[in-house]
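Quick notes on the structure that follows.
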2 protein chains.
Amino acid sequence: MDAATHLFGDKGYRATTMRDIASEVGVLAGSLYAHIDSKESLLLEIVTDAFDPFTRLADYLEHASEPPEVRLRTAIEEHVRAVADSRERTLVVLHQWRYLTGAQYTRIVAMRRRYEDAFSATLEEGVASGIFGPLDVRIATFTILGVLNWVPEWFSSKGPQTVDEVAHGLADTLLLGLLRR
Amino acid sequence: MDAATHLFGDKGYRATTMRDIASEVGVLAGSLYAHIDSKESLLLEIVTDAFDPFTRLADYLEHASEPPEVRLRTAIEEHVRAVADSRERTLVVLHQWRYLTGAQYTRIVAMRRRYEDAFSATLEEGVASGIFGPLDVRIATFTILGVLNWVPEWFSSKGPQTVDEVAHGLADTLLLGLLRR
DNA sequence: CCTACCGATCGGTAGG
DNA sequence: CCTACCGATCGGTAGG
């Protein structure tokens with residue numbers, strides 16, 4: 001699982017062969033099939049597991065009692081922490097889920113959609129209460145998701161900023177904007 | 001080129017076969033090699049062409065005489081228009097360039113880096129002049145790029161908003177923030 | 001542009 | 001977990 005996560009995230013699902021995975025584990029390709037059913041089932045397991053922290057964040061956005069701006073800031077920061085926890089796992093869940101087929105594909109699409117909707121609902125609430133500026137909720141949702149989904153492409157635990165600095169910095173930039181207040 | 005752009009953007013470079021491309025063009029796979037040297041040379045040509053509008057935007061950010069907040073807003077809006085002009089071309093340049101090898105890979109990495117640096121330099125200038133709030137330039141740069149690089153994943157010309165509405169909406173959200181001013 | 005094909009490599013399996 | 005292998009498919013080529 002770890003070897004596959006690393007390779008799928010780094011090279012992509014289609015560019016990773018079972019022989020690549022086996023070589024990283026230290027066995028031959030055929031031996032892997034004593035533990036898994038197929039290459040696709042391996043991808044499914046990784047994507048499903050990797051989605052877990054984000055599903056819990058959607059729950060939080062939908063059910064927590066804090067005001068919308070607090071829930072939004074918390075979710076943004078927690079999302080960053082989840083990415084930092086495993087960059088490669090997040091890269092797989094972001095880009096490789098397309099290679100799932102049939103019902104598994106449909107299920108992941110629904111999970112992604114639900115995550116988006118949790119942000120939209122929170123924004124909607126904050127616009128209604130007047131804490132968020134007049135804004136197009138659809139566009140604002142994709143603004144937030146764009147920022148969050150780009151994090152695994154550039155964040156490194158060896159980078160100049162700590163996870164918390166990045167989490168706060170991104171939340172601040174999104175909530176306050178680039179122009180001076 | 002068009003068929004390959006569509007397929008590379010949609011399914012990914014590694015999941016697209018020369019037979020897929022040939023079938024969309026209406027010939028057999030072998031016939032393509034009268035026009036191209038290799039699958040990778042096809043990817044290189046698409047990625048290089050697709051980078052062109054963004055290289056011109058980097059030039060603009062670096063050399064235009066307008067104040068930084070105007071250059072930033074213009075670049076954001078023009079970037080959105082370039083994406084809208086061809087979603088699939090942008091998807092290829094965003095995700096498939098990794099499958100280039102050797103000097104071609106290195107060249108694309110440099111072009112991406114230069115685009116990032118143009119935004120960073122503009123932000124730096126605006127922070128120095130006081131028009132942008134106190135912010136971490138590195139984090140703010142990735143905030144902007146994250147928003148822009150997510151656009152091809154969700155924008156559709158058949159969506160509820162026009163290109164201009166999206167371009168203005170994203171620029172507003174980034175510059176002014178989500179919280180009411 | 002097609003016919004006919006190539007060597008390599010793929011995901012996966014049978015049997016031990 | 002390895003040996004030994006499979007059918008399918010890949011990018012690409014020679015010759016017409």
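Naming convention: chains lettered A, B, ... in sequence-line order (proteins, then strands); numbering from 1 in each chain.
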Can you check the B/Arg14 CZ to C/dG11 C1' distance for me, whole Å? 14 Å
Quick one: do the A/His95 and A/Glu153 side chains pair a donor with an acceptor below 3.5 Å? yes
Annotated structure of DNA chain D as dot-bracket, pair cut-off 3.5 Å, Watson-Crick or G-U only, | for inter-strand, is ||||||||||||||||
Value in whole Å for how far the P atom of D/dC2 lies from CE of A/Met18: 14 Å
Per atom distances to the A/Lys39 side chain, the nearest of D/dG12, C/dC2, C/dG12 is C/dG12
Aromatic contact between B/Tyr105 and B/Trp97, with the criterion being ring centroids under 6.0 Å apart: yes or no? yes
Can you measure B/Ile21 atom CD1 to D/dG11 atom P for me and round it to whole angstrom units? 8 Å
B/Ile36 CD1 to D/dG12 C1', straight-line distance once rounded to whole Å: 10 Å
Just by distance, with hydrogens left out, do B/Gln161 and B/His168 show a side-chain donor and acceptor under 3.5 Å apart? no
Checking C/dC10, C/dC1, D/dC2 against the side chain of A/Arg19 (C-beta onward), the nearest is C/dC10
Quick one: B/His35 NE2 to D/dG12 P, roughly how many Å, whole number? 15 Å
For residues B/Thr101 and B/Glu40, is any side-chain donor paired with an opposing acceptor at under 3.5 Å? yes
When you check the phosphate oxygens OP1 and OP2 of C/dG12, does a side-chain N or O of A/Tyr33 lie under 4.0 Å from one of them? yes
Whole-Å distance between C/dT9 P and A/Lys11 NZ? 13 Å
Per A/Ser38 side chain, nearest of listed nucleotides C/dG12, C/dC1, D/dG11: C/dG12
Judged by each residue's nearest nucleotide on DNA chain D, which is more toward the 5′ side, B/Tyr13 or A/Leu32? A/Leu32
Output the rounded distance in Å from CG (B/Leu43) to P (D/dG11). 13 Å
Donor-acceptor pair between A/Tyr99 and A/Gln104 side chains, under 3.5 angstrom: no
Measure centre to centre between the rings of A/Phe119 and A/His79, then say whether the value is under 6.0 Å. no
Out of D/dG11, C/dG11, D/dC1, which has the shortest distance to the side chain of A/Thr17? C/dG11
A/Leu28 has its side chain closest, among C/dG11, C/dC1, D/dT3, to D/dT3
Quick check: closest heavy atoms across A/Arg112 and A/Phe51, and the distance to 0.1 Å? N-CZ, 3.6 Å
Using whole Å, what does the distance between atom C1' of nucleotide D/dG11 and atom CZ of B/Phe8 come to? 12 Å
Would you indicate what B/Thr16 reaches in the nucleic acid, counting non-hydrogen atoms under 4.0 angstrom: base, sugar-phosphate, or nothing? sugar-phosphate
